[in-house]
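Read through the structure below, which is laid out as C-alpha cells, and then see the notes.
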Amino acid sequence: MGVVIGSSWKEKLSEEFDKPYFKELAAFVKAEYQKSTVYPAPKNIFAAFDLCPFNQVKVVILGQDPYHGPKQAIGLSFAVSHGVQNPPSLRNIFKEVKEDTGVDPDMMNGDLSRWATQGVLLLNATLTVRAGAAGSHQGKGWEEFTDAVIRTLSEERERLVFILWGNYARSKGVHVDRAKHLVIESPHPSPFSAHGGFFGSKPFSKANAYLGSNGLTPIDWR
C-alpha cells in the first residue's frame, strides 16, 4: 500500500507497531482498501505525522474521523484538499480564527498543511474511514494507537498545547499531564454545537500566548 510514517514517530511508536492489536488493525485496513473505497489515500494515512515530526510538535488539535466524502480527507484533522469546499466545521474554525486573531478567512484554504509544518499535529483519533460511512473504522484499533500517540507526547515532551473540541476529544484528554502542558477545551466547531461555547473560546490566541510565554515561536494561523 505504500504506507510509511516519519522516522521520528516510527522510533517513538515502535512498540505499538509490534503489538497484536496493531497487526490486526493493519490487516483490517489493508483488506478494506482492497475491497472498498477508503479515505484518505494510503500515502496520506500518516500525513499528520510526516508533516510534523515528534520533536517539532507544539500544538495538538484532535479530530475524530477523516472526512468520508470524495477528495476531502488528506490525513490532517479538519483539513481538506486545496480547492475542495470547506466543510461546516472547518468554516466555523476559520470564523473563530478571524474573531480570535484577525486573520481573514477569505485568505485561507482548507489544506491545513501550513499549520502542520509549523508544529501543529492535526490528529484524528481514527486514521481511516470507508467512503460514505462515518465511523466505519472505529473500534478496530486506531483509537488505541492514537491514545499511545497522545500519551507519548505528554510523557516525553513539555509545554505542549492540546486543543480538545467536543466531548470525544475531551475524553482523550485523560492521557495528558496537565501539570506539564496546556489543555484548551470547548464544544466542537460543528454547526450543532459551535454556538454553545466554541465561538469566543479563543483557542488560537491562547495557544500562542502559552507558546510565547515559554519561549517558543507562536503559530501563524493564516
Side-chain angles (χ1 to χ4, degrees), residues 9 13 16 21-22 24-25 28-29 32 38-40 44-49 52 57-69 72-80 86-97 100 110 112 115-116 120-155 160-178 181-204 206-207:
W9 289 101
L13 301 171
E16 296 302 311
Y21 88 86
F22 195 88
E24 293 175 8
L25 169 63
F28 166 78
V29 170
E32 283 284 282
V38 175
Y39 300 123
N44 289 330
I45 292 175
F46 293 115
F49 302 90
C52 190
V57 176
K58 297 178 182 178
V59 179
V60 180
I61 297 180
L62 185 65
Q64 190 163 354
D65 266 6
Y67 296 118
H68 54 83
Q72 290 184 311
I74 58 173
L76 307 175
S77 61
F78 297 103
V80 293
N86 293 335
S89 291
L90 184 55
R91 291 200 295 271
N92 285 339
I93 289 170
F94 285 169
K95 287 179 183 177
E96 180 62 16
V97 169
D100 189 11
L112 302 178
W115 292 2
V120 181
L121 182 67
L122 294 161
L123 178 66
N124 277 318
T126 303
L127 300 188
T128 55
V129 67
R130 195 180 310 132
S136 52
H137 287 187
Q138 292 178 6
K140 303 297 183 180
W142 279 130
E143 295 90 343
E144 187 172 348
F145 175 73
T146 51
D147 280 351
V149 171
I150 295 169
R151 190 166 53 247
T152 303
L153 282 168
S154 177
E155 291 174 356
L160 301 182
V161 180
F162 291 83
I163 298 178
L164 309 179
W165 291 325
N167 290 333
Y168 182 83
R170 286 173 167 175
S171 71
K172 304 276 270 190
V174 299
H175 302 293
V176 179
D177 182 346
R178 298 179 187 226
H181 308 285
L182 175 65
V183 177
I184 300 172
E185 298 179 315
S186 80
H188 196 275
S190 161
F192 298 105
S193 55
H195 290 281
F198 171 76
F199 288 131
S201 60
K202 300 186 180 301
F204 308 103
K206 288 177 181 176

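Values below: every heavy atom of this structure, side chains too, minus hydrogens, waters and symmetry copies. If you read the sequence from its start, that first residue is 1, and numbering goes on from there.
Distance alone, capped at 3.5 Å, is enough to place a donor-acceptor pair between the Thr146 side chain and the Trp142 backbone. For Ser186 (side chain) and Ser201 (main-chain N/O), no donor-acceptor pair under 3.5 Å exists by modelled atom type. Between the side chain of Glu16 and the backbone N or O of Leu13, no donor-acceptor pair lies under 3.5 Å. Side-chain atoms of Ser89 do not come within 3.5 Å of backbone N or O of His188 as any donor-acceptor pair. In this structure, the side chain of Arg151 does not engage the main chain of His175 through any donor-acceptor pair within 3.5 Å. With hydrogens and angles ignored, the 3.5 Å screen pairs a side-chain donor or acceptor of Glu96 with a backbone N or O of Lys202.
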Assess whether side chain to side chain contact (heavy atoms under 4.5 Å, CB included) is satisfied between Leu112 and Leu90, documenting all intermediate values.
-> CA-CA 10 Å; Leu112 302 178; Leu90 184 55; 4.1 Å; yes
Take His137 and Thr128 through the test side chain to side chain donor-acceptor pair (under 3.5 Å) and record every step on the way to the result.
-> CA-CA 6 Å; His137 287 187; Thr128 55; 2.7 Å; yes
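Taking 4.5 Å as the limit, some side-chain heavy atom of Leu121 sits within range of a side-chain heavy atom of Val149. Residues Ser77 and Leu62 fail the side-chain proximity criterion, which asks for heavy atoms closer than 4.5 Å. The closest side-chain heavy-atom distance from Asn92 to Trp165 is not below 4.5 Å. With contacts defined as side-chain heavy-atom distances shorter than 4.5 Å, the pair Pro40/Ile74 does not qualify. Residues Val57 and Trp9 are in side-chain contact: their nearest non-hydrogen atoms beyond the backbone lie under 4.5 Å apart.
Residues Leu127 and Leu123 approach most closely at CD2-CD1, 4.4 Å, considering heavy atoms. Residue Gln64 comes nearest to Asn124 through the heavy atom pair N-OD1, 3.4 Å, listed as atom of the first residue, atom of the second, then distance. Phe78 and Gly63 make their closest contact through CE1-CA, 3.9 Å (heavy atoms, listed as atom of the first residue, atom of the second, distance). Contact record, Pro66 with Val129: O-CG1, 3.7 Å, taken as the closest heavy-atom pair.
Atom CG of Leu164 sits about 5.5 Å away from atom CD of Glu185, to the nearest 0.5 Å. Rounding to the nearest 0.5 Å places OG of Ser154 at 8.0 Å from CG of Leu160. Atoms CD1 and CD1, on Ile61 and Ile163 in that order, are 4.5 Å from each other to the nearest 0.5 Å. One finds the CD1 atom of Ile150 at 5.0 Å from the NZ atom of Lys172 (value rounded to the nearest 0.5 Å). Put simply, CD on Glu143 and OG on Ser171 are 10.0 Å apart, with the number rounded to the nearest 0.5 Å. Here the straight-line distance linking atom CH2 of Trp115 with atom CZ of Phe204 works out to 5.0 Å at 0.5 Å rounding.
Proximity of the aromatic rings of Tyr67 and Tyr39 is defined here by a centroid distance below 6.0 angstrom, and this criterion is not met.
Relative ring orientation between Phe145 and Phe22 is described as tilted, the plane-to-plane angle lying within the 30° to 60° band.
Counting non-hydrogen atoms of neighbouring residues, nucleotides and ligands closer than 6.0 angstrom, the OH atom of Tyr21 exceeds 12 such neighbours.
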